[in-house]
2 protein chains.
Amino acid sequence: MPTLRQLEYLVALAETKHFGRAAASTHVSQPTLSQQLRTLEARLGVTLVERGESPVQLTPIGRELSERARKVLIGVDDLQALARRSVSGMAGTIRFGVTPTLGPYLMPTVVAQLHRAYPDMRLYIREGIPDEQIAELRRGALDMLLAPLPIAGSDLHIEPLFREPLHLVAAPDNPLCTQSLLQKTDLSGSGVLSLDRRHHFHRQAEQICGELGAELLRDYEGTSLDSLRQMAGSGIGLAILPELYLRSEVGGEDMVRRLPIADWSATRSIAAIWRSGAAYTQTYLMVAQAIASEARNMMKAS
Amino acid sequence: MPTLRQLEYLVALAETKHFGRAAASTHVSQPTLSQQLRTLEARLGVTLVERGESPVQLTPIGRELSERARKVLIGVDDLQALARRSVSGMAGTIRFGVTPTLGPYLMPTVVAQLHRAYPDMRLYIREGIPDEQIAELRRGALDMLLAPLPIAGSDLHIEPLFREPLHLVAAPDNPLCTQSLLQKTDLSGSGVLSLDRRHHFHRQAEQICGELGAELLRDYEGTSLDSLRQMAGSGIGLAILPELYLRSEVGGEDMVRRLPIADWSATRSIAAIWRSGAAYTQTYLMVAQAIASEARNMMKAS
DNA sequence: CCTTTGTGATAGATAATATCTATCAAGAAT
DNA sequence: ATTCTTGATAGATATTATCTATCACAAAGG
């Protein structure tokens, strides 16, 4: 295999057609360049230079290979340039897991912002069930994760970011919607829709229903927040929907109404998570803080 | 600057996620790979591997750079593969000079033939005045040349290839065309057209006119064989045109007629030329012989 | 919980390679 | 004919890559 230095010497000779000047431009002595060119010719098994010509001429093969060499050296220069830009850590592709109950309503803006600020960094977003994504994070298929708490694991760094309010919603013609302020007891016995049980969301819905004396409907599991909203809008039951979803273009409140309930404060805690042994944790921390900031901005705007 | 070996180690580690297996696949010991990865990180100024993780994980930057590294190594593999294919000499781009009084009527077929036989070799054809192209050959702007003889120069290898007949042509309604066999004396005093004096062709026309007692017309210098043919076809004068031109699609004899002249044997010698100190002279010789063979084939066909 | 195995890092020695200076041979320029 | 320029060769030195031996620590197994 040739060395990059040898390729440099070949390219310099192709440009200068002079052993001495090629040596000077690559900062070695002329005998070194002469010797290394010979070694390169021996390794490649071809003659690169017409000896005895004045000025020096490359052979047709030598010219062809020097063009290839130039491209290789450009590739190495690009690699080094990227490394220089990466010294801060703000580079590379971060494989980022998100729950579908949050990611689509929050991450697009954040991804665009971060890419503008750090052109060499990308978030490659992948949706999935948090528990499954935790396993993927552990085995190295993901670098970072946005997920609701709680999450257990001493080998993970958990960075709480923000709390997202959860709202109970009903169809507009539901009698509950006629009251200006509901008491929790008013909801006793109501049917509530939820996502399938693999979702964190489901468990939180179970807890809320327990508090209200409501009933978690088991015959109508939603596959997405949208299907929950549509079923709730059709009067099949109530639904618990998160704030960022309701505020998004996709969500919205044209089909359902938030129920105003006295002393209602259900929320879910969202955290960014990465492996404890990760390098570039400052980078992950910065990304996490950008997400938290955007989420707060989105929830503050009225 | 990283070394190609270090890039190999990085790519192997990205693939195996195991220092020992990466070392085995690159045929070094595990401590060597570990050390070289550390050196590479130091040179690039970035962390490529998450230490303490099990199994080994690359950082986002490490993954990005290993992709760049892979591309560089592919470039080097391609360079080596081309070198292997070039050992025979039949590779690279040969910068090939030709006279416009011959090249366009002979070289297209030869270029295609050679490229089929040797896909890694190309002839890059450039037309020009032979004397000027001889200078370009000497100073290394051309590798090879097809030109009429004589050519002087002890620093050049001259490989005579074939003789091309030259024909005197006239307009069809020229009285000379009514005779089935002309004597050279019949042409005494006739006007003959020629190319401008920089062309070898011009000098040969002068010589032929001297032999015939004809007169070289000086007010009508042609810029190409086509313009000579068209002027001759218009009755402005006679013209001397070479065999391969007359046989070509571009040339042809629809506008002019060859004059049948007793004991007519005017020809020009065509040779392939390269620098005496050139490498890969066997390649040039093979190219030259392909040209000679094609020329003979084209002139033999009736 | 203890022992064994696996993994990556470190240390010192050795092998291999790159580069140096000195000098030469040959050609070009004066 | 002499001097200068250019690329090659020789031997010495500097630098780097790789080795083996061994360590520290974590994971796996009993």
Side-chain angles (χ1 to χ4, degrees), chain A residues 1-44 47-59 62 138-140 153-156 275-279, chain B residues 1-44 47-59 62 138-140 153-156 275-279:
Chain A
M1 172 176 276
T3 68
L4 291 174
R5 282 296 268 163
Q6 288 168 345
L7 300 186
E8 281 189 317
Y9 299 152
L10 175 60
V11 167
L13 189 61
E15 284 166 5
T16 60
K17 295 190 168 53
H18 190 281
F19 276 76
R21 290 193 215 109
S25 78
T26 51
H27 307 108
V28 291
S29 64
Q30 175 267 321
T32 293
L33 194 133
S34 176
Q35 194 71 273
Q36 286 292 318
L37 253 294
R38 284 280 193 189
T39 304
L40 181 60
E41 285 179 320
R43 281 185 185 176
L44 296 181
T47 300
L48 302 168
V49 183
E50 289 182 354
R51 295 323 196 291
E53 299 283 300
S54 188
V56 149
Q57 298 293 343
L58 265 65
T59 61
R138 282 200 169 96
R139 70 178 177 78
S154 62
D155 57 340
L156 301 176
R275 288 182 299 275
S276 297
Chain B
M1 173 174 278
T3 68
L4 291 173
R5 283 295 268 162
Q6 288 167 347
L7 299 187
E8 281 188 318
Y9 300 153
L10 174 61
V11 167
L13 189 62
E15 284 167 4
T16 60
K17 296 190 167 54
H18 190 282
F19 275 76
R21 290 192 214 110
S25 77
T26 50
H27 307 108
V28 292
S29 64
Q30 175 268 320
T32 293
L33 194 134
S34 176
Q35 194 71 272
Q36 286 292 317
L37 253 294
R38 283 284 193 186
T39 304
L40 180 61
E41 284 179 320
R43 282 187 184 174
L44 296 180
T47 300
L48 302 168
V49 184
E50 289 182 354
R51 292 332 195 285
E53 298 284 300
S54 186
V56 150
Q57 298 292 343
L58 265 65
T59 61
R138 281 198 169 100
R139 70 177 176 79
S154 61
D155 58 339
L156 300 175
R275 287 183 301 273
S276 295

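Throughout, protein chains are lettered first and strands after them, A, B, ... in sequence-line order, and every chain is numbered starting at 1.
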* To do: State, with a plain yes or no, whether a side-chain heavy atom of A/Val49 is found less than 4.5 Å away from one of A/Gln57.
  => no

Self-check item: B/Val11 and B/Glu15, any side-chain heavy atoms less than 4.5 Å apart
Solution: yes

Can a donor-acceptor pair be found, under 3.5 Å and without considering hydrogens, that links the side chain of A/Ser276 to the backbone of A/Leu156? yes

Is a donor-acceptor pair below 3.5 Å formed from side chain A/Gln35 to base D/dA8, judging by atom type as modelled? no

With the side chain defined as heavy atoms from C-beta on, B/Thr3 is closest, among D/dG7, D/dA8, D/dA17, to D/dA17

From CG of A/Leu48 across to P of D/dG7 the rounded distance in Å is 15 Å

Q.
I'd like to check B/Arg275 versus A/Glu50 (side-chain heavy atoms, cut-off strictly below 4.5 Å). Are they in contact?
A. yes

Between CZ of B/Phe19 and C1' of D/dA26 the distance, given in whole Å, is 15 Å

Check: B/Arg138 and B/Asp155 side chains under 4.5 Å, non-hydrogen atoms: yes

**Study point:** B/Leu40 and B/Tyr9, any side-chain heavy atoms less than 4.5 Å apart
**Key:** no

Whole-Å distance, A/Leu37 CG to D/dT6 P, equals 17 Å

- Is there a side-chain contact between A/Arg43 and A/Thr3 (heavy atoms, below 4.5 Å)? yes

Atom CD of B/Gln30 and atom C1' of D/dT18 are separated, to the nearest Å, by 13 Å

Atom CD of A/Glu50 and atom P of D/dA8 are separated, to the nearest Å, by 13 Å

| request: Using a 4.5 Å cut-off on heavy atoms from C-beta on, say whether the side chain of B/Gln6 contacts that of B/Leu37. | output: no

A/Arg5 CZ to D/dT16 P, in whole Å, measures 11 Å

Rounded to 10°, the helix from C/dC1-D/dG30 to C/dT30-D/dA1 deviates from straight, judged by its five-pair end axes, by 30°

Worksheet item: Below 4.5 Å, heavy atoms only, C-beta onward: do A/Gln36 and A/Thr32 meet side chain to side chain?
Response: yes

Comparing nearest nucleotides in DNA chain C, the 5'-proximal residue of the pair A/Tyr9, A/Pro31 is A/Tyr9

Span of DNA chain C engaged by chain B, first through last nucleotide within the 4.0 Å heavy-atom cut-off, is C/dT7 to C/dT10

